[in-house]
J.: 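Handing you this structure, nothing more for now.
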Amino acid sequence: MSPKKLLACLTVVGILGAGGVAALFAVVLLFSSGLINISITWPGTETPLNSEALNLIQDAAVEALVAKSIGDEIMTSLLPSGTLILEDDFSDNRNEWFEYGPDDLGNEVAIRDGAYHLRNDPASQGDLWWFGWSEAQLLTDFDLYIQATQIGASGDNGMSVLFGMSDPGNFYEFAYSGDGFVMLGRYVEGEWEFIREWVTSAAIIRGNATNDVRLMIENGNLSASINGKQVMRRELPEYGGGFIGFGCFANNAPQAHCTFDNLEVREPADTAALLSNGLTFTAKSGLSAAPLLLPQIDLGMQEVADRILQARDELAAFTPPSELADYHRSVLDWATQLGTTAQNIASGDLSPKDARAAWNSLPAEPAPFSLNLTDQQSAAALENAQAKIDSAKTEALLALGQGDREAVRYLDAQLRAQNHLLSGVPWCNGDLQCLQTRQGLASAIQGASGYVAKVEDEPWRQGWLEAFLQEPEPSPLDGIYLASVQITCIGGDVVEHDRYLSRFTSNESFQFGVIGNKLYIGYVDQPLTIGPEGRAAGTWSENNEFGKAQADLNVQFTTAPGSDQVLVQGEQTFSFSETAEGGSSEMRCLHSFTAQKQGLGSPTTEETPTPEVPGPETPTPTVEPPTPTPSAPVQNFDGSYEGQGQISCPSAFYGGTVVAAFTLRGNQITDHETGATATVTWGSSGQASWTWTYNLGGSNIREEHSARFYVSGGETIVEGTVTASGFDPKGDCEGPYTGHRYAL
């Protein structure tokens with residue numbers, strides 16, 4: 001040992017003293033360029049979590065998740081993804097396509113050589129446009145993909161997809177030309193009219209080439225893309241569905257030869273989305289980052305591959321601490337798999353079908369893993385995740401308000417990454433606070449994902465966002481709320497009731513926002529002021545397909561004392577003075593609803609507890625204490641539950657399928673919808689009973705529950721019955737329900 005190194009050791013021992021040497025658990029001397037770094041670990045202490053390494057792994061996971069979501073959208077844009085309606089590889093004529101020729105002039109419409117050929121021969125002096133169709137399937141809403149190829153023709157020849165055809169003189173036509181133009185039009189009784197005249201498009205591969213064409217028609221609207229790039233979006237006048245077909249024409253000379261192959265027609269999928277003028281996404285710094293433009297689909301998958309592989313390379317460049325090794329390996333292996341597949345697709349060697357199959361076979365997220373963490377490290381990891389979730393929820397609300405779909409994509413990836421981390425963090429055996437943090441995180445992620453995953457374009461959001469950015473005086477009510485609606489109608493005509501109620505079958509919930517004691521709600525032009533008593537009210541009139549209506553809205557906000565929990569009850573009454581289509585007048589429909597805050601409430605400041613001063617010892621009681629209320633049985637059933645039941649009521653206007661959701665903690669149970677709480681009385685074998693009472697829309701409701709909790713197949717189940725009074729003036733409502741635990 002050199003004199004410098006020996007002196008350093010002696011100095012440490014001298015500072016500690018002889019007794020201190022025994023207490024020193026470890027002294028690590030690291031020598032670099034003559035400098036000595038000493039790391040001391042004392043007995044009973046634990047190695048802190050390497051948050052820098054944890055964040056690096058998480059950042060890589062988020063980058064890969066964002067890039068994969070872009071890849072998902074690119075793959076969706078290339079091929080339909082809904083239920084298959086019609087498929088044809090043109091190996092035969094099983095779908096009875098129109099065929100003709102070849103005639104003496106060489107004109108031909110025929111299935112041969114595995115494709116549908118349409119050809120105008122140069123010697124022809126007849127029609128310059130030939131088309132063929134099939135009556136195998138009558139289509140209205142659909143998502144169509146076809147490979148169209150121009151063969152040996154002049155640059156301005158055209159290829160077209162026909163749809164909505166009732167006969168050869170009545171149909172719609174989307175067309176593109178070999179020199180880079182697109183158009184939309186229709187024939188009505190043999191007379192042509194443009195819906196959109198010819199316009200240039202850079203998406204077309206020009207000349208003698210194959211182009212992937214996709215048409216999606218839904219609710220009378222057309223979205224058209226070529227090679228994955230949207231080229232047109234138009235409303236179709238008087239569209240009522242029909243047959244499909246294909247056309248081939250020469251604009252300036254009678255010479256054209258086109259083929260069509262690999263047809264797929266599917267139902268429009270909810271997730272289908274055509275790309276607009278370039279796909280953008282926001283970088284990891286969130287809303288403030290500049291978007292990255294992906295101008296072409298073939299370059300788009302290369303961008304996806306580059307982004308994933310860059311994250312993979314950053315991961316591979318460092319060796320994680322042993323406790324994070326499995327997490328590191330999980331993300332690294334997944335990113336490698338994603339990046340390699342994206343690179344193969346970007347090379348262009350795969351057909352669209354093979355590319356979609358390869359991409360769709362990839363795992364949605366990294367593989368499960370187990371972290372080798374101490375209790376202290378687990379607590380730190382959960383605290384790290386909580387901070388990121390809180391940040392993502394706040395930014396997500398801003399992104400939703402702005403309609404920033406790309407920012408939402410990033411924030412959704414952030415939440416998914418935290419969810420993946422949470423699955424690998426071990427339970428903290430000795431830290432009750434750590435257990436509570438984990439339980440809270442599970443519900444926080446689920447609640448955040450509910451509004452991060454989907455952007456809704458609602459007019460009220462813009463007003464709410466503008467008010468939010470002005471930083472008004474904070475209120476405990478501030479936030480975004482999700483309301484569950486129940487609708488009943490009285491008076492008027494039963495037929496009108498049914499027609500009115502059916503309008504809302506897909507709209508049984510809605511969102512609204514509160515900021516600065518102003519209520520922003522979708523069907524009110526101006527925000528409503530929430531008074532000091534927590535009530536907001538408004539009246540307005542409207543004309544709709546059900547007649548002239550006056551609408552009265554009343555909403556009551558209640559903040560539980562000593563809690564940031566907000567209870568919301570409301571009702572909206574539509575009074576129709578005249579009903580449409582000959583129905584009787586004076587129909588009245590009541591929309592009653594309850595709402596829960598989803599996030600972005602006013603920040604709460606935790607008060608520092610006053611230190612307790614020890615007082616005199618409490619004397620030992622001379623009487624036996626009362627027997628405490630039984631807590632949960634040996635099996636721990638704590639957690640959040642959801643399920644549904646079939647409730648019967650005496651009145652026809654009440655009852656039916658209901659959704660149940662509650663959280664159980666020991667012998668305390670809380671209803672998610674109403675916020676009602678109750679004490680559970682436990683029996684043997686998971687038997688439980690409790691009673692909830694609450695006010696709903698001015699009615700006092702009492703629910704008596706008898707249930708059994710048990711574990712089956714690794715899942716915690718609840719089965720019970722409920723008897724409810726107050727819903728129906730004619731008597732009690734009752735029925736069974738079942739549910740399962742979805743979060744701890």
J.: Between Arg234 and Asn221, is any pair of side-chain heavy atoms under 4.5 Å apart?
T.: no
J.: Can you check whether Tyr172 and Tyr187 have ring centres sitting under 6.0 Å from each other?
T.: no
J.: Give me the atom names and distance for the closest heavy-atom approach of Gly178 to Gln150.
T.: CA-OE1, 3.6 Å
J.: Does Ala364 offer a backbone N or O that forms a donor-acceptor pair with the side chain of Arg416 under 3.5 Å?
T.: yes
J.: Side-chain contact, heavy-atom cut-off 4.5 Å: Glu193 with Arg186?
T.: yes
J.: Side chains of Val213 and Phe174, heavy atoms from C-beta outward: is any pair under 4.5 Å?
T.: yes
J.: Tell me the closest heavy-atom pair linking Ile217 and Pro268, and the distance in Å.
T.: O-CG, 3.8 Å
J.: Do Leu118 and Phe249 have side chains that get closer than 4.5 Å, going by heavy atoms?
T.: no
J.: Quick check: closest heavy atoms across His591 and Phe574, and the distance to 0.1 Å?
T.: NE2-CD1, 3.8 Å
J.: Between Glu264 and Arg214, does at least one N-O distance fall below 4.0 Å, as a salt bridge requires?
T.: no
J.: Can you check whether Glu267's main-chain N or O pairs, donor with acceptor, with Asp143's side chain at less than 3.5 Å?
T.: no
J.: Please check this pair: side chain of Arg233 against backbone of Ser223, looking for a donor-acceptor N/O pair closer than 3.5 Å.
T.: no
J.: Given Trp97, which of Phe246, Phe260, Trp133 fulfils the ring pair (Phe, Tyr, Trp, His ring centres under 6.0 Å) condition?
T.: Phe246
J.: For Phe171, which of Phe243, Trp192, Phe131, Phe163 qualifies under ring pair (Phe, Tyr, Trp, His ring centres under 6.0 Å)?
T.: Phe131
J.: What verdict does the side chain to side chain contact (heavy atoms under 4.5 Å, CB included) test give for Cys258 and Met159, after you've listed the backbone C-alpha separation in whole Å, the side-chain angles of each residue and the deciding distance to 0.1 Å?
T.: CA-CA 7 Å; Cys258 314; Met159 286 135 283; 3.4 Å; yes
J.: Short question: side chain of Asn227, backbone of Asp212 - any donor-acceptor pair under 3.5 Å?
T.: yes
J.: Let me see the working for Val555 and Leu519 under side chain to side chain contact (heavy atoms under 4.5 Å, CB included), right down to the final yes or no.
T.: CA-CA 9 Å; Val555 186; Leu519 171 63; 4.0 Å; yes
J.: Would you say Trp359 and Ile345 make side-chain contact, with heavy atoms under 4.5 Å?
T.: yes
J.: Under 4.5 Å between any side-chain heavy atoms of Val109 and Glu99, yes or no?
T.: no
J.: Looking only at heavy atoms, what is the nearest atom pair of Gly114 and Asp261, with distance?
T.: O-OD2, 3.0 Å
J.: When rounded to the nearest 0.5 angstrom, what distance separates CG in Asn419 from CD in Gln414?
T.: 12.0 Å
J.: For the atom pair CD1 (Ile244) and CZ (Phe142), what is the distance rounded to the nearest 0.5 Å?
T.: 6.5 Å
J.: I'd like to know if the side chain of Asn157 reaches the main chain of Cys248, judged simply by a donor and an acceptor atom lying under 3.5 Å from each other, with no hydrogens or angles considered.
T.: no
J.: Give a yes or no on whether the backbone of Ala209 and the side-chain of Thr149 come within a donor-acceptor separation of less than 3.5 Å.
T.: no
J.: Are Val182 and Trp198 side-chain neighbours, meaning at least one heavy-atom pair lies under 4.5 Å?
T.: no
J.: Could you tell me the separation between the OG atom of Ser201 and the CZ atom of Phe181, rounded to the nearest 0.5 Å?
T.: 10.5 Å
J.: Distance alone, cut at 3.5 Å: any donor-acceptor contact between the side chains of Thr573 and Asp552?
T.: no
J.: Output yes when a side-chain donor or acceptor of Asp72 lies under 3.5 Å from a complementary backbone atom of Ile70, and no otherwise.
T.: no
J.: When you look at Thr539 and Leu553, which way does the side chain to side chain contact (heavy atoms under 4.5 Å, CB included) test go after all the steps?
T.: CA-CA 6 Å; Thr539 300; Leu553 173 67; over 6 Å; no
J.: Are Tyr116 and Thr259 side-chain neighbours, meaning at least one heavy-atom pair lies under 4.5 Å?
T.: no
J.: To check you understand the geometry: which heavy-atom pair defines the closest contact between Asn211 and Ala203, and what is its length?
T.: OD1-O, 4.3 Å
J.: Which is it for Glu173 and Met183 under the side chain to side chain contact (heavy atoms under 4.5 Å, CB included) test, yes or no, and what are the steps along the way?
T.: CA-CA 8 Å; Glu173 179 188 10; Met183 73 88 179; 3.7 Å; yes
J.: Measuring from atom OG of Ser134 to atom CZ of Arg94, what distance do you get when rounded to the nearest 0.5 angstrom?
T.: 12.0 Å
J.: Using a 3.5 Å distance criterion without hydrogens, assess whether the side chain of Asp89 forms a donor-acceptor pair with backbone atoms of Asn262.
T.: no
J.: Could you report the tightest heavy-atom contact between Leu184 and Leu236, atom names first, then the distance?
T.: CD2-CD2, 4.0 Å
J.: Just how far is it from atom CD1 of Ile195 to atom CE of Met232, taken to the nearest 0.5 Å?
T.: 9.0 Å
J.: Working to the nearest 0.5 angstrom, can you tell me the gap between Met587 CE and Cys489 SG?
T.: 5.0 Å
J.: Using distance alone, with no hydrogens and no angle criterion, decide if Gln550 and Ser575 have a side-chain donor and acceptor under 3.5 Å apart.
T.: no
J.: So among Leu139, Val161, Ile85, which one has a side chain to side chain contact (heavy atoms under 4.5 Å, CB included) with Leu144?
T.: Val161
